[in-house]
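Below is one structure; the comments refer to it alone.
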Amino acid sequence: MAKSEIPKAYDATNYEDGIYAAWEASGLFNPDNLPGDRPEAFSIVLPPPNVTGTLHMGHAVMLAIEDIMVRFARMRGKKALWIPGTDHAAIATSTKVENILFKTEGKTRHDVGREDFLRRVEKFAQDSHDTIVNQAKKMGASLDWSREAYTLDAKRNHAVNVAFKRMYDDGLIYRGHRVINWDPVGQTTISDIEIVYKEVEATLYTFRYAKDFPIAISTTRPETKVGDTAVAVHPDDERYAAFIGKTFENIPFAGTTISIKVVADKEVDPTFGTGALGVTPAHSLIDADIAARHGLAMKQVIGADGRMTVDAGTLVAGQTTKEARGSVAAWLREQGLIEREEKTMQNLATAERSGGTVEPIPMLQWFMAVRKEFERNGKTVTMCSMMRDAVESGKTKIVPERSEKTFFQWADNLRDWNISRQLWYGHRVPVWYRNDETFVGIEAPEGDGWTQDPDTLDTWFSAGMWTFTTLGWPEKTADLATYHPTSILETGYDILFFWVVRMMLMTTYLMDEVPFKLVYLHGLVRDEQGRKMSKSLDNIINPLDMIAKYGADATRLSLVIGSTPGNDSKLSEEKVAGYRNFTNKLWNISRFILSSVDDNHVPPPDRQEGTGVVVASTLADRWILSRLDAVVASVTRKLEANELSAAGEELRDFTWNDFADWYLEIAKVQKGSEVERDEGSKGTDAILMTVLETLMKLWHPFMPFVTEQIWSSFKGTTLMVEAWPTVAGNCDESVERDFDLVRDVTTAIRTIRSERRVEPKAEITASLGVADRRELLVDQASVISQLARLSSLSFDGALPDAGIPIVNVQVASILVSVETPGTTVDPEKEKARLEAERDQLDAYVASTDAKLANAEFASKAPEKVVAGMRAKRDEAKAKLDAILTQLSS
RNA sequence: GGGCGCAUAGCUCAGUUGGUUAGAGCGUCACAUUGACAUUGUGAAGGUCGGAGGUUCGAAUCCUCCUGCGCCCACCA
C-alpha cells in the first residue's frame with residue numbers, strides 16, 4: 001500500500017459518521033444477525049436517558065463504558081445485546097413543558113386541558129428523543145436500535161397495567177389515606193428522593209398551648225399547632241413523667257379548640273428545646289408515626305392548595321401557611337404564651353423540580369406495601385427482604401463492593417412507596433370507579449358510568465420493570481428467555497437508590513429472579529477542579545464538542561481510562577486532547593506498517609509453526625510476540641473483571657512504549673539490515689502485521705472508530721465482529737528479561753552520548769549479561785546495529801568479542817565510556833556520579849543482606865520472594881563491585 | 001444524629017487477597033529529531049504513601065486513635 005494513500009494525521013470527523021452508518025446498515029448491532037454459533041448470551045439495558053434534554057458527560061461516560069463491555073462480549077463470541085430506550089421522566093418532562101407553556105403562552109396545563117397538554121408533551125418528548133438518539137450514535141454506541149423501547153409506549157404501558165393488577169390482587173398495592181409529601185406548586189405528591197433540602201433561617205418559638213398547660217414546646221411552624229393532638233416526651237424524662245397519659249381537653253387555641261394528650265415516645269430527644277414535642281399527626285411524617293403508635297387522632301389543617309383549612313379554626317382558615325404563621329405567632333404573643341423566640345437554621349424541604357415548599361399532608365393515594373409479608377417459594381418474605389436476599393446471596397453483585405452496604409441500608413429502611421402522582425404525563429393508574437365500585441384491570445371495564453382514576457404512576461414504577469419489559473414481558477418471548485436476567489446494569493452511583501433499588505424490588509417480586517447479575521456503578525464526571533459540572537458555574541464540558549474537536553474515540557478514552565467504579569473523575573479538555581494524540585499515534589503506527597510492509601509478506605519457513613503461528617527469530621521478534629501474548633492474556637482478564645481503566649492503560653503502555661517506541665524502530669533496522677537472514681524483511685513484516693491486527697482487535701472496544709477504519713482499509717471486513725485474540729503461546733519470560741537488558745544497554749549508550757561523556761567512535765564494545773550467548777549472537781548483531789543507529793555511531797556488522805566478561809548492563813555502559821578511545825569524560829563529574837551510585841547501591845545491598853540474614857524472614861517468607869530478593873541483591877552487588885573498581889582506577 | 005468514602009510525585013490518579021529498591025499520565029527541566037507520528041523521541045529531577053500508636057519476619061495495604069476533606073441518608077420538632 002502506498003503511503004500517500006493514508007493521511008498523515010487522523011481526522012476523526014472524516015470517518016466516524018460513515019463508519020457508524022455502515023455498522024448500522026450491517027445489522028450487526030442486533031445479536032440475531034451475528035455470525036457463528038453463540039451459545040452464551042450477554043445483555044445490558046441502557047439506563048434510559050430522560051427525554052428532557054441533550055447528551056451530557058454523565059450519558060457519555062455511561063455509553064462509553066457499556067459500549068466497551070458489549071463490544072468485548074460480541075468479539076468473544078457471545079450473543080451480545082444492548083437495548084436502547086428513553087424514559088418519559090414524568091415529573092421532569094411535565095415540568096419542563098409546563099414551563100415552556102407558561103413562558104411562551106402564559107398558560108398553565110389546566111388552561112389548555114389534559115388532552116392538549118399531553119399532545120404538547122408528546123411532541124416535545126419526540127423531538128428530544130431524536131436529539132438524544134443521534135447523540136448516542138455519535139459516541140459510537142453499538143445499541144440494537146431494532147429493539148428500542150420507551151418507558152411510556154404501548155407495550156410498556158400494557159406491562160405496567162399487568163404488573164399493577166397483579167400486585168393489587170396480591171395485596172401489595174393498596175389505596176390509603178396517609179401523610180405524603182405534597183408539592184403545592186407542582187400540585188402533586190412527590191417521593192422522598194425528589195425532595196431537596198435548603199438551609200434557611202427560621203424563628204424557633206417556645207410556648208405553651210395555654211397559661212395553665214404544664215409543658216412548653218418549641219416549633220418553627222406555629223401555624224401547624226392548631227392541628228396538634230398530643231405532646232410527646234421521652235419516657236425517661238422525669239420532668240414530665242407525672243403528666244404522661246393525661247389528656248387536656250378543649251384548650252382554646254388560636255381560633256379553635258384543641259385536645260392534647262401527653263404520650264411517652266423514645267423517638268423524642270429530651271435534650272432538644274424543652275424536651276417535649278408538639279405532635280401534629282397530619283403535617284409531619286415523624287409525628288404521623290408517633291400518632292400511629294399511640295392511636296392519636298389526625299386533624300388536617302393545611303389543604304392541597306397550600307392554605308389553612310376550615311378545621312384550622314376561625315383565626316387562620318383560608319390563609320396561606322406563611323400568613324397563618326404570622327397570625328398564630330401574633331396570637332401567642334398577645335396571650336403572653338411565648339416563652340422564647342430565637343433565630344435558628346432549618347432545613348427546608350423543597351420539591352426538586354418545581355421548587356415549591358413541600359408540605360406533608362394526609363391524602364388518599366396509592367401505595368406499594370414493601371414490607372408486607374407474603375408467601376413465596378415456601379418462605380415468608382417481603383418485597384424488601386427478597387431484594388435484600390438477592391444481594392446477600394450473591395445473585396446480584398455490586399461494584400464497588402462497599403455500595404452493597406448502602407444498598408442494605410436502603411433495603412432495611414424503605415417505607416411504603418407512594419406510587420401515585422397527580423400529573424397528566426405518565427402511566428394512568430389502571431383503576432376505574434363507579435359509585436362505590438372499584439375496578440382494577442388491564443383494560444377499561446365494560447359498561448357505562450366508569451371513571452378512571454385521574455392519577456398517573458411515579459415514573460420509577462415503569463423504570464423499575466425496565467430489564468424485562470424491554471424484552472417483551474408479560475409475553476413469554478424468546479428474548480426474555482435468552483437475555484434475562486441481564487448480565488450487567490451499568491449506571492451512576494447517584495441513581496442506585498432511585499432506580500436500582502426499584503428494579504430489584506419489582507423484578508424479584510414479578511419475575512422471581514434478579515434483574516441483573518452485576519451492578520457496575522460509575523462515578524460523577526467533574527470539572528478539572530473537582531466541581532460538579534453545572535450551568536451556573538459555566539464549567540460544562542459538552543461531550544459533543546469534544547467529539548467534534550477530538551473524535552469520539554479520544555472522548556471515550558478520556559472518560560474511561562483513569563477512573564474506577566464508584567469514584568468521581570475529573571475531566572479537562574487537555575485530557576481529551578492527550579487521548580487524541582494517542583489516537584493519532586495508533587493511526588501512524590498503522591500508517592507506517594501498512595505502507596512499508598511487502599504485500600507478499602509471509603513468514604519464512606523457520607518462523608512458521610503449525611497453523612500460521614509466527615515464530616520469531618531475533619530477540620526483538622520473540623520479545624514483541626511474547627509481550628503481545630502477555631498483553632492479550634492480561635487485557636482479556638481485566639476486561640472480564642470489568643477493570644476497564646487498567647486494561648486500557650496496559651494497552652496504551654504496550655502500544656506506545658513497547659511496540660511503537662521499540663519494536664518499530666528495531667523493525668526498521670531489521671528490514672534493512674545485513675544481519676537479517678534468509679527471507680529478509682518478510683518475516684519482520686509478518687510480525688508487524690500480526691501485532692497490528694491483534695492491536696486493532698484489542699483496542700476496538702475502547703476506540704471503535706479508528707480501529708474499524710484502519711482494519712477495513714487493509715482487511716475489507718468488519719472488525720466489530722472479528723474474534724477476540726487468544727494467546728498464541730509465545731510467552732517467554734527469559735526473552736523478556738534479555739530484551740530488557742538490551743533496552744538498558746541502548747539507553748545507557750544514548751545517555752552517555754547525550755551527556756558527551758564519549759566522542760563518537762568507529763567501534764563499540766558492548767556485551768550482554770545473558771545466559772545463553774550463542775543463542776543471542778544474531779540478535780546481538782541486530783541490537784548493536786540498532787544501538788549504533790540510535791547513537792549515531794557507525795557499525796561495521798562485526799559481532800562483538802564474546803570473550804569480554806561483562807557483568808551487567810550498567811557496567812557495559814561504563815566500559816563503553818572508559819574503554820572507547822577519545823573519551824572526554826569530565827573526571828570530577830564522573831567521579832561524583834559514580835560515588836552517588838555507589839552509596840545508593842551500598843545502602844540497598846546492606847539492608848537486603850540484613851533482611852536475608854534474618855532467620856525468621858528466611859523461614860517464613862515465601863521462597864519466591866527470597867529468591868527474587870537474592871537475585872536483585874546479587875545484581876546490585878555486581879554493579880557495586882564494578883563501580884568500586886572504576887573508582888579505584 | 002446514622003452510614004460510606006478519600007488523603008500516595010507539582011497536578012490527576014493506579015497500586016486485586018500484606019512480600020523483591022512504590023508506578024503511570026500530565027506538567028517541569030535537559031537533550032535529540034529531514035521519511036509513521038512535533039498530535040514526536042530519549043532521559044532527569046520530583047514521594048518520610050496525612051499524623052501517632054499497634055499486629056507481623058515484613059505494612060501504602062490489616063487494627064486503633066487523631067487531623068483535614070468529600071458524599072449519602074435521616075432530620076433539627
Side-chain angles (χ1 to χ4, degrees), chain A residues 3 6 8-10 192-193 197 202 204 217-221 224 232 267-269 272-274 276-280 284-287 344-347 349 400 402-403 405-406 408-410 413 493-494 496-497 524 528 530 550 554 561-564 566-572 574-575 577-596 638 641 643 645-646 649-650 652-653 657 660-661 664-665 668 746-747 750-751 753-756 790 792 840-841 843-844 847-848 851 854-862 864-873 876:
Chain A
K3 194 181 320 164
I6 309 174
K8 218 170 163 175
Y10 175 68
D192 293 346
I193 47 187
Y197 288 95
L204 183 69
I217 59 162
S218 299
T219 186
T220 53
R221 302 202 56 191
T224 65
E267 286 301 299
V268 178
D269 176 3
F272 185 89
T274 62
L277 165 66
V279 182
T280 321
S284 156
L285 291 166
I286 294 291
D287 292 8
T344 180
M345 293 310 286
Q346 177 192 27
N347 271 336
R402 62 179 134 89
S403 297
K405 284 186 198 165
T406 325
F408 289 138
Q409 270 187 295
W410 273 86
N413 295 311
Y493 67 75
D494 54 329
L496 177 67
F497 324 111
L524 260 50
E528 53 191 316
Y550 304 107
I561 295 184
S563 70
T564 44
N567 294 330
D568 293 351
S569 59
K570 294 176 191 177
L571 182 71
S572 60
E574 291 74 50
K575 197 167 168 187
Y579 285 107
R580 186 270 320 270
N581 294 358
F582 178 72
T583 312
N584 192 57
K585 185 77 184 179
L586 196 63
W587 178 260
N588 272 292
I589 288 168
S590 318
R591 177 169 178 256
F592 168 69
I593 295 173
L594 294 175
S595 60
S596 71
K638 283 173 176 159
E643 294 170 14
S645 174
E649 252 178 288
E650 178 162 5
R652 186 200 48 201
D653 286 351
N657 301 336
D661 291 346
L664 249 45
E665 293 303 322
K668 289 176 192 168
T746 311
T747 305
R750 266 191 285 214
T751 308
R753 189 173 170 277
S754 75
E755 289 176 6
R756 297 189 199 292
L790 291 171
S792 302
Q840 204 186 340
L841 287 167
Y844 169 65
S847 77
T848 311
K851 241 184 245 172
N854 185 315
E856 269 192 291
F857 172 76
S859 63
K860 289 184 181 171
K864 197 182 167 190
V865 172
V866 178
M869 280 178 75
R870 199 169 283 140
K872 282 210 166 185
R873 192 260 332 256

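Note that this is a predicted model, so its numbers are computed, not measured. To find a chain, count down the sequence lines: A is the first, B the second, and so on, and within it residues start at 1.
- Pairing each heavy atom of A/Ala276 with each of A/Ile217, the nearest pair is O-CG2, 3.8 Å.
- Looking at A/Asp494, its side chain never comes within 3.5 Å of a backbone N or O of A/Leu524 through a donor-acceptor pair.
- With P as the reference atom, B/U42 and B/G27 are 14 Å apart, rounded to whole Å.
- Looking at heavy-atom distances under 4.0 Å, A/Thr564 makes contact with sugar-phosphate atoms alone, never a base.
- Atom P of nucleotide B/C13 and atom CG of A/Leu571 are separated by 12 Å, given to the nearest angstrom.
- Pairing each heavy atom of A/Ala202 with each of A/Thr220, the nearest pair is CB-CG2, 4.2 Å.
- You cannot call A/Trp587 stacked on the base of B/C37; the centres under 5.5 Å and planes under 30° rule is not satisfied.
- Nucleotides B/C6 and B/U12 place their C1' atoms 14 Å apart, quoted to the nearest Å.
- To the nearest angstrom, P of B/A14 lies 11 Å from CG of A/Asp568.
- Distance, A/Asn588 CG to B/G41 P: 11 Å, rounded to whole Å.
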Please produce a list of atom pairs where a protein N or O lies less than 3.5 Å from an N or O of nucleotides 2-12 of chain B.
unit_1	atom_1	unit_2	atom_2	d
B/G3	O2'	A/Gln409	OE1	3.0

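- The distance from the CD atom of A/Glu574 to the OH atom of A/Tyr579 is 13.5 Å, given to the nearest 0.5 Å.
- Between the A/Ser645 side chain and the A/Thr564 main chain, no donor and acceptor come within less than 3.5 Å of each other.
- Using modelled atom types, one side-chain atom of A/Asp287 and one backbone atom of A/Thr280 make a donor-acceptor pair closer than 3.5 Å.
- Nucleotides B/C66 and B/U20, compared at atom C1', are 34 Å apart to the nearest Å.
- A/Ile561 comes within contact range of no nucleotide atom at all, as no heavy-atom separation falls under 4.0 Å.
- B/C49 and B/A7 are spaced 14 Å apart, taking the P atom of each and rounding to whole Å.
- Nucleic acid contact class of A/Tyr197 (heavy atoms, under 4.0 Å, all strands): base.
- If you measure from atom NZ of A/Lys851 to atom P of B/G18, you get 17 Å, rounded to the nearest angstrom.
- The main-chain N or O of A/Phe857 is found under 3.5 Å from a side-chain atom of A/Asn854 such that the two form a donor-acceptor pair.
- Residue-level contact check: A/Glu643 touches the bases, meaning some heavy atom is under 4.0 Å from a base atom.
- Residue contacts shown for A/Asn584 include a base, since a base heavy atom lies under 4.0 Å away.
- Under the 3.5 Å distance criterion, the side-chain polar atoms of A/Arg873 are left unmatched by any main-chain donor or acceptor of A/Thr848.
- When the C1' atom is compared between B/C71 and B/G58, the two are found 35 Å apart, to the nearest whole Å.
- Computed from coordinates, the A/Glu574 CD to B/U39 C1' distance equals 14 Å when rounded to whole Å.
- Using atom C1' as the reference point in both B/A59 and B/A22, the two lie 13 Å apart (nearest Å).
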Hey, what are the protein-to-nucleotides 22-24 of chain B N/O distances that come in under 3.5 Å?
unit_1	atom_1	unit_2	atom_2	d
B/A24	O2'	A/Arg652	NH2	3.1

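- Using a 4.0 Å heavy-atom distance criterion, A/Ala660 is classed as a base contact.
- Taking atom P on both B/A9 and B/U48, the two are 9 Å apart, rounded to the nearest angstrom.
- Considering only heavy atoms from C-beta on, A/Tyr844 comes within 4.5 Å of A/Lys872 through its side chain.
- Atom CE in A/Met869 sits about 5 Å away from atom P in B/U21, given to the nearest Å.
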Would A/Arg221 and A/Thr224 count as a side chain to side chain contact (heavy atoms under 4.5 Å, CB included) here? Give the steps. CA-CA 6 Å; A/Arg221 302 202 56 191; A/Thr224 65; 3.8 Å; yes
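- At a threshold of 4.0 angstrom between heavy atoms, the contacts of A/Lys864 with the nucleic acid are absent.
- Using C1' as the reference atom, B/G68 and B/U8 are 16 Å apart when rounded to the nearest Å.
- As a whole-Å value, the separation of A/Leu285 CG from B/A77 P is 14 Å.
- Of all heavy-atom pairs between A/Arg402 and A/Asn567, the closest is NH2-OD1, 3.0 Å.
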Dot-bracket for RNA chain B, 5' to 3', Watson-Crick and G-U pairs with both distances under 3.5 Å, [ ] for crossing pairs, | for partner on another strand, reads ((((((((.[[[[.)...(...]]]].(((((.......))))).....[[[[[..)....]]]]])))))))....
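- Among the heavy atoms of the strands, none lies under 4.0 Å from A/Thr280.
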